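The structure appears below as structure tokens.
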Amino acid sequence: METGPNKVIDESRQGEAVVMERENSGNGKKLYLESYGCQMNFSDSEVVASIMNENGYSTTRDIEEADIVLINTCSIRDNAETRVRNRLTEFKKKKEDNPELVVGILGCMAERLKKSLLEEEKLVDLVAGPDAYRDLPNLVEEVGTGQKAVNVLLSRDETYADISPVRLDQGGITAFVTIMRGCDNMCSFCVVPFTRGRERSRDPYTIVQECKDLYNLGYREVTLLGQNVDSYRWNLTSKGEIKDEKLPTTNFAQLMEMVALVSPDLRVRFSTSHPKDMTDDVLEIMAKYENICPYIHLPVQSGNTDVLYRMNRGYSREWYLQRIEAIKKIVPDCAISTDVITGFCGETEEEHKETMSLMELVKYDFAYMFKYSERPKTLAERRFEDDIPEDIKGRRLTEIIDLQMKHSLNSNQQQIGKIQKVLIEGPSKRSEDQLCGRNGRNSVVVFDKKDLEKGQYVMVKITDCTSATLFGEVIEKCEPAPSILS
Ligand code: 5AD
Ligand code: SF4
């Protein structure tokens with residue numbers, strides 16, 4: 001979905017496009033930044049804007065006045081790449097009218113395709129991978145001297161920890177905070193370990209400071225982001241050994257507690273959890289703090305153990321269902337969402353039915369569902385044949401979408417009559433007289449505006465719903481917590 005220039009187009013989550021613009025007193029050069037893909041890309045674009053800002057570039061939402069166009073890209077499925085290629089072709093036409101215009105590609109496609117977009121296809125002037133953003137000002141300068149500029153080096157330790165991201169939606173209420181980068185998991189279908197490199201965690205003190213700064217700016221919700229947040233670790237090796245005895249260690253549960261303590265009025269969310277790594281101590285911290293939202297995104301991918309084995313996910317159907325039981329026991333009323341892939345290599349009708357039966361057992365509140373798309377270099381591409389015909393992939397996808405729609409509607413219907421705490425995020429899309437926000441379970445709630453403003457917490461009685469939205473009446477405003485300054 002697209003709403004205009006300088007936008008984030010989310011392929012895998014949220015489905016929301018975000019307009020990014022910020023005034024700046026730079027050297028007059030203007031940057032137009034457009035992002036595709038996951039929340040991590042959105043967060044990265046804020047780091048890019050910060051680096052460019054520091055170097056005197058201002059951002060614009062009008063591509064016509066831009067001197068530099070950067071497009072932050074996603075490789076997760078083939079169709080994500082196709083959309084970006086189409087967009088690059090449009091930019092190429094703009095370059096014919098304005099040869100001075102610099103066009104650069106960032107993110108996963110930059111990493112995956114490296115020089116080919118630059119040399120063979122001549123679509124861009126600049127290519128920067130996810131760990132090369134500090135180098136962007138130099139790369140832009142290189143282009144200015146007539147060279148083609150590339151930096152796709154992946155790093156083992158770059159976390160951009162010291163960079164204070166420029167929040168591109170000024171006056172915002174919710175923000176993403178990256179806590180780790182890369183992924184070491186090697187799920188066989190996934191290109192991310194190749195495009196984003198090895199997993200590394202960010203210094204917890206810089207994370208907490210960023211959350212405090214956001215709170216002081218008026219933000220009331222942070223989402224801690226990582227490809228696998230459960231393997232967040234600071235000063236610990238992957239085997240759990242302490243790296244430096246003189247320094248404290250931090251795991252994900254501890255990090256979440258540190259962030260929850262910033263203010264009771266700062267909501268904490270996180271994404272993405274991995275079923276093989278999600279521990280009970282994370283669930284116990286969730287249960288302990290009212291401001292940690294009772295919502296977990298726990299991608300299952302398939303409900304069949306053999307398919308999960310081929311996917312190299314590191315858990316079985318039974319293990320996954322035990323994790324779901326643990327969530328339901330430790331965090332009662334926790335909303336659960338998932339990701340599912342249909343038509344993975346060799347998936348039989350029986351195996352597909354097991355995904356449906358798992359969905360029946362769990363009754364997810366929400367799901368992101370995809371047809372398998374073979375990605376170059378992945379384990380699946382090398383080991384298995386992409387042998388499920390498109391029409392069967394599509395039919396299976398339709399079946400799981402239909403099932404999920406039923407479950408989402410049921411889940412929302414069960415909320416009717418309940419009174420829930422909602423953080424107001426802004427006007428509702430349908431009417432100027434209504435506002436919308438989300439409850440802790442991550443459902444969108446719409447209600448009358450009255451004298452209410454974004455950033456406030458209100459108690460809302462749910463009166464009606466569709467499969468995607470709750471409707472309600474505000475019962476009372478919540479008292480704000482005292483502010484914090486450092
Ligand atoms: N094909 C289809 N879906 C994929 N995902 C990741 N790689 C692929 C692929 N090759 C999905 C997974 C993941 C989500 C972010 O995208 O479900 O959890
Ligand atoms: Fe990809 Fe698996 Fe890592 Fe997620 S956990 S980014 S699906 S390799």
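Fair warning: this is a prediction, and the values are worked out from it, not measured in the lab. Both ligands and their constituent atoms are indexed starting at 1 by order of listing.
- Close contacts of ligand 1 with Ile341, meaning ligand atoms under 4.0 Å from a residue heavy atom, involve 3 (N), 4 (C), 5 (N), 12 (C), 17 (O).
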Set out, in order, the CA-CA distance, both residues' side-chain angles and the distance that settles side-chain hydrogen bond (donor to acceptor under 3.5 Å, both in side chains) for Ser231 and Glu199, then state yes or no.
CA-CA 9 Å; Ser231 66; Glu199 181 184 293; 2.9 Å; yes

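- Arg395 and Glu399 are joined by a salt bridge, as a carboxylate oxygen and a charged side-chain nitrogen come within less than 4.0 angstrom of each other.
- Ligand 1 places these atoms under 4.0 Å from at least one heavy atom of Phe370: 3 (N), 11 (C), 14 (C), 16 (O), 17 (O).
- Within the protein, the number of N/O/S atoms found under 2.8 Å from atom 3 (Fe) of ligand 2 is 1.
- Checking only distances, Arg375 never comes within under 3.5 Å of ligand 1, N or O to N or O.
- Within the structure, ligand 1 has Lys371 among the residues with a heavy atom less than 4.0 angstrom away.
- Classification of Lys371 and Glu390 as a salt-bridged pair holds, one side-chain N sitting under 4.0 Å from a carboxylate O.
- Proximity to Arg77 (heavy-atom distance under 4.0 Å) selects the following atoms of ligand 1: 1 (N), 2 (C), 3 (N), 4 (C), 5 (N), 11 (C), 16 (O).
- Ion pairing of Arg438 with Glu425 is present here, as a side-chain N (NZ or NE/NH1/NH2) and a carboxylate O approach within less than 4.0 Å.
- Ionic pairing of Arg441 and Asp333 is present here: one or more N-O contacts between side-chain nitrogen and carboxylate oxygen are shorter than 4.0 angstrom.
- For the residue pair Val208 and Val259, the shortest heavy atom distance occurs at CG2-CG2, 4.4 Å.
- With salt bridges taken as basic N to acidic carboxylate O contacts below 4.0 Å, none links Glu351 and Arg396.
- Within ligand 1, counting atoms from 1 as listed, the ones closer than 4.0 Å to a heavy atom of Gln301 are 12 (C), 13 (C), 17 (O), 18 (O).
- Contact annotation: for Phe189 versus ligand 1, heavy atoms closer than 4.0 Å belong to both the backbone and the side chain.
- Contact atoms of ligand 1 toward Asp339: 13 (C), 14 (C), 15 (C), 17 (O), 18 (O) (distance under 4.0 Å to a heavy atom of the residue).
- Residues Asp213 and Gln209 have side chains that bring a donor and an acceptor to within less than 3.5 angstrom of each other.
- No side-chain donor from either of Ser302 and Asn304 sits under 3.5 Å from a side-chain acceptor of the other.
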So Asp277 and Asn228, side-chain hydrogen bond (donor to acceptor under 3.5 Å, both in side chains) or not? Walk me through it.
CA-CA 8 Å; Asp277 296 321; Asn228 176 4; 2.8 Å; yes

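- For ligand 2 and Arg313, the ligand atoms under 4.0 Å from any heavy atom of the residue are 2 (Fe), 7 (S).
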